[in-house]
Every structure is written in C-alpha cells, then in structure tokens.
Amino acid sequence: MSKRTIVAMPGDGIGKIVLDQAIRVLNAAGFEAEYVNGDIGWDFWCREGNPLPQRTLDLLEKHKIGLFGAITSKPKDAAFEELAPELKNRGLVYSSPIVGLRQHFDLDICIRPCNTYKGNPLNFIRRGANGNIEEPIVDVVIFRQNTEGLYGGVEWSHPKGVVYEALKTHPKFVENFGNVPAEEISVSTRIFTKKATERILRAAFNHANDFGYKSVTLCEKPNVIRETSGMMYKMAQEIQKKDFPDIELWNTNVDAQMMWLTKNPEDYGVLVAGNMFGDIISDGFAGLIGGLGFACSAQMGASGVAVFEPTHGSAPKYADYKVSIVNPIAMIESACMMLDYIDEKEIAARIRKAIATVIEEGKIRTYDMLKMSGKPDVVEKGAASTIQMTDVIIAKL
Ligand code: NAI
Ligand code: MG
C-alpha cells in the first residue's frame with residue numbers, strides 16, 4: 001500500500017512536544033506514513049499576521065488528514081501588541097486558527113470519547129450505598145456539533161440599526177429588555193441549521209449502532225431553549241423512530257446531565273449535543289477519566305478533511321521546561337482516533353493496549369497522574385517526563 005501523508009500541525013507550546021511524541025509512537029507501532037509540517041499558531045500570527053496560513057489549508061486540502069497539537073490564543077489587545085511592527089497598520093484582527101480550520105473545512109462533527117483506563121489513579125470514584133468505594137467504568141462518546149450554535153460568531157455589543165429593530169420585533173425582547181439602553185446590551189446568537197443538526201444526530205446514532213451502544217442521549221435544554229434545542233430534540237425523535245428503532249433515545253437537560261455524570265456515569269453511552277453544551281459535557285466526562293492529559297478528539301466533515309487533536313491547549317507555562325513533564329497520552333489517543341478513521345484499527349488497538357498496560361502497571365506516571373502540581377522538579381520527585389512516558393508505551397508495543 002502506498003504511504004499515507006499526514007499533515008502534522010504542532011502549533012504552540014506543549015502542542016509541539018506532544019505531537020512529536022505521538023509520531024514516535026505511530027512510527028514504533030509500524031504505521032507507515034510521511035509527515036509534512038503544517039504551520040499554524042501564534043508565531044505565524046506575530047510574523048505573518050495570519051495564524052492559519054493558506055499553505056497549511058492547501059496541505060490539508062491535498063492530504064486530508066491532520067494531526068494537531070494545540071495553539072495559543074490571546075485576547076485582542078495582546079494579539080495586536082505582539083504583531084510584527086510592519087504589520088500593525090494593516091487592520092489585521094486575530095482569530096483562533098482552530099476555529100478557522102473548523103469553518104474552512106466545515107469540520108462539523110466533533111467526536112470526544114471518554115474511556116476509563118483501569119488503574120488510572122485519576123479515575124472518578126464515589127461512595128456506594130453501603131459506604132463502600134465504587135469506581136464506575138466510563139465508556140462514553142460525545143458527539144458535539146462543531147460549527148454552529150453559540151460558537152457561530154454571530155454576535156453584537158450595542159446592537160444598532162436593523163439588528164436592534166429586528167430584536168424589537170420579538171415580544172420577549174420588548175418585555176424583558178425593551179427598557180435597557182442598547183449600548184448596555186450584548187447579544188450572542190445560537191443558530192442551528194437543520195442540515196448540520198441532522199448530520200451530528202446521524203453521526204451519533206450510527207456510532208451507537210456500529211459499536212453496540214444501547215442508547216443515544218440528547219443533552220440540550222428543549223424545555224427552555226425551545227427553538228434550537230427544541231428543533232434538535234424533534235429531529236432526534238424522528239431519526240430514531242425511522243432509522244434506529246433498536247437504539248433508545250434519552251433526552252436530558254444539560255444542567256441535570258452535569259449532576260448525573262458524577263452520580264451514574266456508567267449509564268451513558270453515546271451523547272450528542274450542540275456546540276457549547278457538547279463542549280461542556282465532554283469536559284465534564286473527561287474529568288471522570290483523568291482530565292486533560294487523557295482527553296482526545298476528532299473533527300471531521302463532508303469535505304473529507306479530518307483533524308485529530310487532544311482537547312487540551314498549549315499550556316504555555318509548561319512549554320519551556322528543560323525536561324517536559326506533560327502527559328502525552330491525550331495526543332497519542334488522538335492519533336489512535338486517526339488510525340481508526342483511516343482504517344488502521346489493528347495498529348490503533350495495539351497502541352491503546354500498550355497505554356492500558358502502562359497505566360495498569362502504574363510504575364510510570366506523569367505528574368498529573370501523581371496529583372502533583374506541575375513544577376519543573378516533579379521528575380526529581382518521581383514523576384515520569386513526557387519522553388519517559390512515551391518510551392514506556394513504545395516499549396510495550
Ligand atoms: P491548557 O489546556 O493549555 O492548560 C490548562 C492546564 O491543564 C495546564 O496548566 C496543565 O495544568 C493542564 N494540562 C494541559 N495539558 C496537559 C497535559 N497534556 N498533561 C498534563 N497536564 C495538562 O489550557 P489554558 O491554560 O486555559 O490555555 C492555554 C492556551 O491554550 C491559551 O492560549 C488557550 O487559548 C489555548 N487553548 C488552545 C486549545 C486548542 O489548541 N485546541 C484548547 C484550549 C486552550
Ligand atoms: Mg473545551
């Protein structure tokens with residue numbers, strides 16, 4: 001078979017560190033690929049005024065598969081401050097390149113699995129009915145709509161003109177905000193389209209069907225957010241009834257779900273939600289299985305481009321340590337999701353098994369697994385470095 005080409009986008013901070021480690025593991029596992037470097041992130045904003053250069057988009061368009069580390073984003077003023085002097089008078093405005101990637105390739109489906117690894121000291125535990133300690137097995141996959149809703153970017157502060165006039169046509173606006181001066185109002189819209197809503201719902205049901213989950217839980221708030229959540233719930237009911245009668249559709253409110261996820265996380269399988277609620281519940285579930293060091297994700301869409309990345313950011317304060325201490329597992333797990341996607345499931349399974357063995361043996365643990373605060377001296381105190389953790393995973397392959 002011809003070698004695959006993967007666009008490796010390290011980004012900033014620890015993104016550069018963990019991506020290198022994931023590629024080491026992929027190589028060691030016998031995955032044959034070439035990696036081309038995709039420029040993305042803060043450096044390119046500062047030097048070129050664009051954190052997502054066209055050449056990176058071209059590479060992804062050509063090769064379709066991206067592995068992404070993490071980027072640094074900073075507020076508007078700081079972004080302007082750090083821009084190269086010769087670019088400062090061009091009216092450039094910083095926007096997050098990862099959001100840009102999602103929009104450019106319409107990566108509307110975000111998948112975030114959260115699985116308990118046996119022996120992970122960060123696993124969630126709770127007290128059972130007899131006062132005993134229980135460690136529920138979490139095996140969920142969150143399907144998050146990735147391009148619309150509250151992150152769609154359609155927002156205003158001090159709405160004016162036709163926008164303000166349009167708001168005033170809504171009786172609830174008049175009733176609740178009609179007396180508030182426009183300059184004291186900010187509005188962020190939550191736009192859902194039928195097409196994208198159907199795509200994320202179907203992706204969730206198909207996954208449940210393919211992997212033997214008995215339920216799909218829609219996690220929104222249809223009783224209050226009647227138009228968007230309400231539309232999503234109605235569509236979920238229709239899809240379930242017509243095409244997935246053997247899979248149960250559960251409907252939970254996002255606030256209640258946040259409570260239930262610590263009470264009975266083992267009851268859930270596939271969850272599906274809009275952009276913001278999907279982001280929230282996936283972080284909530286990630287907390288039960290070890291947090292950011294373990295949370296992986298995939299983003300894909302009809303364009304055929306797919307990007308795999310850990311959920312964590314660039315953790316800038318850890319980036320310059322002489323010996324890196326961050327946990328590479330979230331990035332390596334994201335690489336496994338890539339392997340599944342391109343039908344290299346056997347290699348993915350082997351890597352996951354190696355990770356599971358390392359965690360269960362418990363001899364090598366990064367600082368987060370030892371519940372240490374992430375100071376540079378954690379390695380002296382017995383924590384594994386990023387490279388040591390990767391080495392031991394490779395050794396188990
Ligand atoms: P972060 O995820 O970078 O770090 C938060 C904390 O989580 C760290 O201080 C560290 O204690 C822990 N952590 C993160 N990754 C870890 C790992 N692999 N192993 C062990 N511990 C880990 O989030 P933060 O500090 O809010 O943001 C830092 C920068 O990253 C910001 O500029 C932010 O905009 C950006 N960011 C980028 C994302 C992306 O590229 N997809 C996502 C989230 C934040
Ligand atoms: Mg998040």
Side-chain angles (χ1 to χ4, degrees), residues 8-22 25 38-46 51-52 56 66-79 81-82 94-103 107 110-112 117 120-122 144 146 151 275-276 278-280 282-283 286-287 289-299 307-321 323-335 337 355 359 364-376 378-379 383-390 393:
M9 296 171 282
D12 302 305
I14 65 164
K16 298 181 188 173
I17 297 165
V18 292
L19 181 54
D20 271 353
Q21 301 310 308
V25 173
D39 294 336
I40 189 168
W42 196 250
D43 289 346
F44 301 96
W45 162 254
C46 298
L52 180 57
T56 304
L67 263 183
F68 170 65
I71 48 97
T72 298
S73 278
K74 298 186 191 179
K76 238 172 76 192
D77 297 347
E81 203 50 46
E82 293 184 36
Y94 176 82
S95 66
S96 160
I98 186 66
V99 176
L101 258 187
R102 284 175 198 154
Q103 282 160 354
L107 305 175
C110 174
I111 309 175
R112 294 182 171 182
Y117 273 118
N120 185 350
L122 300 177
R144 166 190 174 195
N146 213 27
Y151 297 175
N275 207 336
M276 165 118 242
D279 202 7
I280 293 173
S282 58
D283 277 15
I289 57 126
L292 289 173
F294 295 86
C296 55
S297 81
Q299 316 184 69
V307 176
F308 302 84
E309 57 161 319
T311 311
H312 66 72
S314 62
K317 59 176 191 232
Y318 296 73
D320 299 328
Y321 285 12
V323 175
S324 172
I325 63 163
V326 293
N327 190 343
I329 291 177
M331 181 78 236
I332 298 170
E333 284 275 358
S334 304
M337 292 187 80
I355 295 172
I359 294 175
I364 299 283
R365 287 174 169 167
T366 44
Y367 84 94
D368 52 326
M369 299 174 76
L370 294 169
K371 305 177 194 200
M372 291 175 166
S373 110
K375 302 271 155 52
V378 294
V379 176
S385 69
T386 310
I387 290 182
Q388 284 170 329
M389 177 52 98
T390 313
I393 292 169

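Counting convention: from 1, in listed order, for ligands and their atoms alike.
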Shortest non-hydrogen contact from K371 toward P121 = NZ-O, 3.1 Å
query = Can you name the closest pair of heavy atoms from M276 and Y151 and give their distance?
reply = CE-OH, 3.3 Å
request  = Kindly compute the distance separating CD1 (I332) from CD (Q21), expressed to the nearest 0.5 Å.
outcome  = 7.0 Å
key: Side-chain heavy-atom pair Q299, E309 within 4.5 angstrom cut-off   = yes
query = Any donor and acceptor pair, going by atom type alone, linking the side chain of S282 with main-chain N or O of G278 inside 3.5 Å?
reply = yes
key: Sorted by chain and number, the residues that approach ligand 1 to under 4.0 Å with a heavy atom   = I14, F68, A70, I71, T72, S73, L292, E309, T311, H312, G313, S314, A315, P316, K317, Y318, V326, N327, Y367, D368
key: Residues forming a salt bridge (Lys or Arg N to Asp or Glu O under 4.0 Å) with E82, sequence neighbours excluded   = K74
